[in-house]
Amino acid sequence: MKTASEDLFNRARGVMPGGVSSPVRAIAPYPFYTARASGAVLTTIDGTDLIDCCLAYGPLILGHAFPPVQQAIADQLQDGWLYGTPSPHEVRLAEQVIRDHPSIEMVRFVSSGSEATMAAIRLARGYTGKSDIVKVEGGFHGAHDAVLVKAGSGATTLGVPDSAGVLSDLVRHTLQVPYNDLEALEALLSTHDDVAALIIEPVMGNIGPILPEKDYLREVRSITAAHDVLLIFDEVITGYRLGIGGAQVRYGVTPDLTTLGKIIGGGLPIGAFGGRSDIMQMVAPSGPVYQAGTFNGNPLSMTAGAATLAWLSANQEIYRRLDEETRAIEEAVMDSPAGSQGSFVRQGSIFKYFFRSSPPRNYIEAKQSDTNAFKKFWDRTLQSGIFLPPSQFETNFLSTAHTEQQIEAISAAYRSCRYE
Ligand code: PLP
């Protein structure tokens, strides 16, 4: 007998491309549909409870329907949810983001991480008067033209890292370097003098997590500065995920511009770009680089974001706890039949088991993972009641809402991990 999810997916396929609103959700043969979510649990319309390690791909560090954020949203609803005028909430959130990031002196709120990176790239070009950008192979910065070249995330999962419909005239201005390869960056910048910016996820999050090697980010900072190239840290995943101040504070590296999203909206749509004020003053209406949006700074996202960041600031010990929890999962993997065959990568509350003998250093190595073995593991894990992101190339997340019992259930699933 068909499940309610299967029925819905059949209907969805007739009215939505691939039956979904975003590609990676199109899990074969059909995705489960969620009826509600609370804490670390998703409840499907078929009545199954799943421990969620996807957490909407990162925003929900406090879990689903976290009461203080829920209350902030409910309170704001009483006062209306969209004004088209400035509201006090955006000033509050801007001040908090600036307090937490020494590199950010001014910030602009937009509605998604994609918009944030698109605007940051335009701003870098407007500020420097240069045309090219450099991105890292396998880095994902959203679904817009300049960055859909060797893009990670769903683009790699579905085998379309280079999207159709993007003008070759445009992507010739997008240059690529491998992650963790300083020589390649130096060589590229030494031979190209029209580069406005390097955009990089400081810890790669969209090809599974890949960690920077010792001093890599510091050296990236020195090389870009020496070549007069702006450094954009895309912290849409890492912002408030790796700690207050994200990867830049954790690694002690100061980018010129930063893009944020996900956690800073507390689960509501958001993006932000910010940085040095001499650069940010180029943004309209202060300056000539245009950026605008109906939903920019909308009071609901601002309020949910402010409640989330305030809670994180007041409870910073959670970062250490989350780190211990992913360490427990790592130990479980090492105990498993697959422990010595694959590799485990984690930092704070992000983690992944790669079906590959050593942790990948870059895109090419990550793509050598055995995706068939991943799929079998993923299916078994779902059967045991745990929802991991459905791709070898997406990062797993933990939240503060995961209970000890749930962490133990996740560890148990990993303890029985087989490489087959
Ligand atoms: N940048 C990074 C590092 C991301 O991981 C993502 C999305 O996953 C984006 C940008 C795009 O953000 P959004 O999906 O909010 O447009």
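For ligands, and for the atoms within them, numbers begin at 1 and follow the listed sequence. Model, not experiment: these values are computed from the prediction.
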Determine whether the aromatic ring centres of residues [Y] and [X] are separated by less than 6.0 angstrom.
X    : Y    : value
F387 : F32  : yes
Y414 : F377 : yes
H101 : Y240 : yes

Query - Option passing side chain to side chain contact (heavy atoms under 4.5 Å, CB included) with L50 (candidates T44, I386, V41) - result: T44
Requested in this report: Identify which one of V91, N296, I270 satisfies the side chain to side chain contact (heavy atoms under 4.5 Å, CB included) criterion when paired with M302.
Outcome: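 Among V91, N296, I270, the one meeting side chain to side chain contact (heavy atoms under 4.5 Å, CB included) with M302 is I270.
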What protein heavy atom is closest to [atom], reported as residue, atom name and distance in Å?
atom                    : result
atom 1 (N) of ligand 1  : D234 OD2, 2.6 Å
atom 10 (C) of ligand 1 : H141 C, 3.4 Å
atom 2 (C) of ligand 1  : F140 O, 3.2 Å

Query raised in the report: ligand 1 versus N206, non-hydrogen atoms closer than 4.0 Å: side chain, backbone, both, neither?
Result: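 The part of N206 near ligand 1 is the side chain, not the backbone.
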Requested in this report: Output yes when a side-chain donor or acceptor of D132 lies under 3.5 Å from a complementary backbone atom of V195, and no otherwise.
Outcome: no
What atoms of ligand 1 come closer than 4.0 angstrom to any heavy atom of [X]?
X    : value
G113 : 11 (C), 12 (O), 13 (P), 15 (O), 16 (O)
K262 : 5 (O), 7 (C), 8 (O)
G142 : 9 (C), 10 (C), 11 (C)
S114 : 11 (C), 12 (O), 13 (P), 16 (O)
S112 : 15 (O), 16 (O)
E201 : 3 (C)
I237 : 5 (O)

Query raised in the report: Do D234 and K135 sit within salt-bridge range, that is, some charged N less than 4.0 Å from a carboxylate O?
Result: no
Query - Charged N-O contact under 4.0 Å between R327 and E331 - result: no
**Report entry** contact_flag Y57 ligand 1 heavy-atom lt 4.0 Å
**Finding:** no
Report task. Return yes when E235 approaches ligand 1 closer than 4.0 angstrom through a heavy atom, no otherwise. Result -> no
Report task. Start with the C-alpha gap between E324 and R320, add the side-chain angles, then the distance that decides, and say whether salt bridge (charged side-chain N to carboxylate O under 4.0 Å, His left out) holds. Result -> CA-CA 6 Å; E324 283 161 11; R320 200 170 40 79; 3.2 Å; yes
Query raised in the report: Between E115 and ligand 1, does any nitrogen or oxygen pair lie at a separation below 3.5 Å?
Result: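 No - when backbone and side-chain N and O of E115 are compared with those of ligand 1, no distance drops under 3.5 Å.
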**Report entry** ligand 1 to T117 polar contact by distance, N or O atoms, under 3.5 Å
**Finding:**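 So ligand 1 has no N or O lying under 3.5 Å from an N or O of T117.
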Query - R13: salt bridge (charged side-chain N to carboxylate O under 4.0 Å, His left out) partners, not counting sequence neighbours - result: none
